[in-house]
Amino acid sequence: MKKKVLAILLASTMTLAFTACGSTDDGASTSGDSGETASEDTDGDSSSSDEGGSFEGASIEIDIEDSIQGNQETLDQFLKEIDAFCEETGAEIEVVQNGGDQENILKTRMASQDMPDMFVTHGWAALRYNDFCEDLGDEEWISRVDESVLSVITDADGKVCTAPLTQWVYGMVFNKDVMDANGIDPYAFKTWDDVFAACETLKANGITPCAVAGKNGGGLPGLMEAANVFYSADGAAYQNQEALLDGTFDWTQNTQFWDTYAQIYDNGWFNEDIFTADSTTVQKYMGTGEYGFMLWCGVSDMATIKSYTPDANLGIIPIPAVEEGGNAAYTVGEGTCIAISNTSENIELCKAVLDYLLDKDNLTEYCNVNGGMPGLTDITPEESESLTLYQNSVESAGDNLVFTNFFDREYLPSGMWNVMQESMATLFNGDVGTAKDRVPEVAQYFQDNYETLYETNAG
């Protein structure tokens, strides 16, 4: 087997090794113009040979971001698997690390009609990149994809736009020992009234009901993802989802979400250090026995909480419905998801790479390292407690459960994340008991930016 060359950039200042394929972290090719690598030495043949699955001489580019949705260990595992694929098939794969610039780089490449052969879709496969993605709906592994994430990666025309190695699933995490000690069963929650009753009990017994990391960029705006059960999820009290999609939704006349969180704040149910506590602080809080809920938390975050407090007994539930009879909702998003460009000259090679990455043994190893929730149903990582807790909660919820995309991705114009952050910060920026008075101000601020950004993006 011919040994190929893989350049792995392990630090921002130097290339440390070359083994099987090419990799850079600045969007630049290690072997010339990245726009030429897809067709180099292929003579226009986009299929593998019939002998041993060989792709000898074929080359593609894979663009990734943020250490492939994890830490350095996750990146190393991903590159290890790409390296092994190259060793087995003779393919040449250049892994380009775009880091935090992945979104802007891909926007530029979309505009110039120059997409990489494969790319991490970072949450936007069906909503942004669908026109550039090869349809993966007929691939062998599609029957193994978790239904909850399948709906997120499928566009309005039914095209499966990306391959989900992992998925993000967010709900409400709680300290089960705290709940048991106070006679509370979160699995029985049906509506936000049940959440409020639990918070009252915890507060009366000296427990801080809810912990949120307001110092981090994701802590406060993350709370706004719960808007799905108020306005967009099937069974929500608000029943004009078309207004959310066409930009005519009026946040000043539909303040149910703001009213709910103002009530939580005004009852003193949040941690007092809401603006100075970062995610690590709050994750440590959840293991102390002095806090009840994280109102917005990922399944994979429970493993992080356990890393700080190994004996912490946790649970997770979907965000409860607003009204009796409504549906609870888990928010599901793309974790590590990789699409194939429909203009690649080596689509069969790209599909072979996905088959390799989604192989049960390979994906299990990746998830063991990454700590994320698998996108395929037959994958059970070694550290599977969080996955088991999630699966148990799905069974407990029964038929009154839906899965939605991230609210801002599906219903808000691009650029709203900072507006979400500022809105929640304004709502909570004052004495306990005064948040309800700021609801009109917050709703108007949100409405103004919603309209402006909607028009800007439409233009």
Side-chain angles (χ1 to χ4, degrees), residues 62 64-71 73-82 84-85 118-126 136-137 139-154 160-171 173 297-307 314-318 330-340 351-397 401 403-406:
I62 304 178
I64 65 174
E65 61 154 1
D66 294 334
S67 297
I68 200 69
Q69 300 289 352
N71 51 26
E73 187 179 7
T74 298
L75 175 62
D76 290 345
Q77 178 62 32
F78 178 79
L79 294 176
K80 174 184 176 182
E81 294 184 8
I82 294 297
F85 176 86
M118 304 178 73
F119 54 96
V120 171
T121 49
H122 62 96
W124 293 96
L136 302 176
E139 296 306 297
E140 175 279 329
W141 44 262
I142 202 70
S143 63
R144 300 159 56 211
V145 176
D146 192 311
E147 287 291 332
S148 59
V149 73
L150 183 60
S151 63
V152 171
I153 63 176
T154 303
V160 179
C161 299
T162 193
L165 279 67
T166 64
Q167 58 180 313
W168 288 346
V169 179
Y170 281 77
V173 167
C297 188
V299 172
S300 60
D301 291 328
M302 289 191 286
T304 306
I305 295 171
K306 294 278 289 186
S307 72
L314 305 173
I316 188 169
I317 57 172
Y330 268 120
T331 296
V332 181
E334 302 170 28
T336 300
C337 293
I338 303 176
I340 297 173
K351 288 183 176 181
V353 172
L354 290 183
D355 288 342
Y356 190 87
L357 294 173
L358 294 172
D359 171 79
K360 185 174 181 179
D361 290 339
N362 292 336
L363 185 53
T364 297
E365 184 62 25
Y366 177 84
C367 290
N368 283 339
V369 173
N370 175 264
M373 183 173 165
L376 274 59
T377 57
D378 59 346
I379 306 300
T380 304
E382 294 174 1
E383 300 296 332
S384 61
E385 181 180 3
S386 297
L387 178 58
T388 299
L389 291 172
Y390 163 71
Q391 293 171 334
N392 291 342
S393 77
V394 170
E395 293 177 5
S396 297
L401 174 64
F403 300 91
T404 74
N405 201 338
F406 281 74

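Counting from 1, the numbers follow the sequence of the chain as shown. Because only heavy atoms are used, hydrogens play no part in the values below, and waters and symmetry mates are left out as well, while side chains stay in.
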Atom of L387, atom of P374 and distance for their closest heavy-atom approach: CD2-CD, 4.3 Å
Criterion salt bridge (charged side-chain N to carboxylate O under 4.0 Å, His left out) on D378 and R144, from CA distance to verdict: CA-CA 7 Å; D378 59 346; R144 300 159 56 211; 2.9 Å; yes
Min side-chain heavy-atom separation V369-E365 under 4.5 Å: yes
Neighbour count >12 (heavy atoms, 6.0 Å) for atom CD, E140: yes
Distance, nearest 0.5 Å, that separates CD1 of I316 from CE of M302: 4.5 Å
Minimum heavy-atom distance between A126 and V152, given as atom pair plus value: CB-O, 3.7 Å
Evaluation steps, side chain to side chain contact (heavy atoms under 4.5 Å, CB included), between T364 and T380: CA-CA 7 Å; T364 297; T380 304; over 6 Å; no
N370 to T166 - nearest heavy-atom pair and separation: OD1-CG2, 3.9 Å
Short side-chain donor-acceptor distance under 3.5 Å, Q167 and S148: yes
Euclidean distance, L363 CG relative to L358 CG, rounded to 0.5 Å: 6.0 Å
Nearest atoms (heavy-atom pairs only) where T121 meets T162: OG1-OG1, 3.4 Å
Any residue meeting side-chain hydrogen bond (donor to acceptor under 3.5 Å, both in side chains) with Y330, in chain and number order, not counting sequence neighbours: S393
Derivation and outcome, side chain to side chain contact (heavy atoms under 4.5 Å, CB included), residues F403 and V149: CA-CA 8 Å; F403 300 91; V149 73; over 6 Å; no
Non-neighbouring partners of N362 that pass side-chain contact (heavy atoms from CB on, under 4.5 Å), sequence neighbours left out: E81, Y356, D359
Candidate list L357, V353, I64, L136, test side-chain contact (heavy atoms from CB on, under 4.5 Å), partner I338, passing option: L357
Heavy-atom pair of closest approach, residues E334 and G123: OE1-N, 3.1 Å
Gap between atom CD of E147 and atom OG1 of T377 - 0.5 Å precision: 9.0 Å
Inter-residue atom distance I379.CD1 - M373.CE, 0.5 Å rounding: 12.0 Å
side-chain contact (heavy atoms from CB on, under 4.5 Å) against K306, all qualifying residues, sequence neighbours excluded: A312, L314, E385
Spatial distance of atom CG (N405) from atom CH2 (W124) [nearest 0.5 Å]: 8.0 Å
For C337 against P164, the heavy-atom pair lying closest together: SG-CA, 3.5 Å
Atom pair CD1/CZ of I62 and F78 - distance to nearest 0.5 Å: 5.0 Å
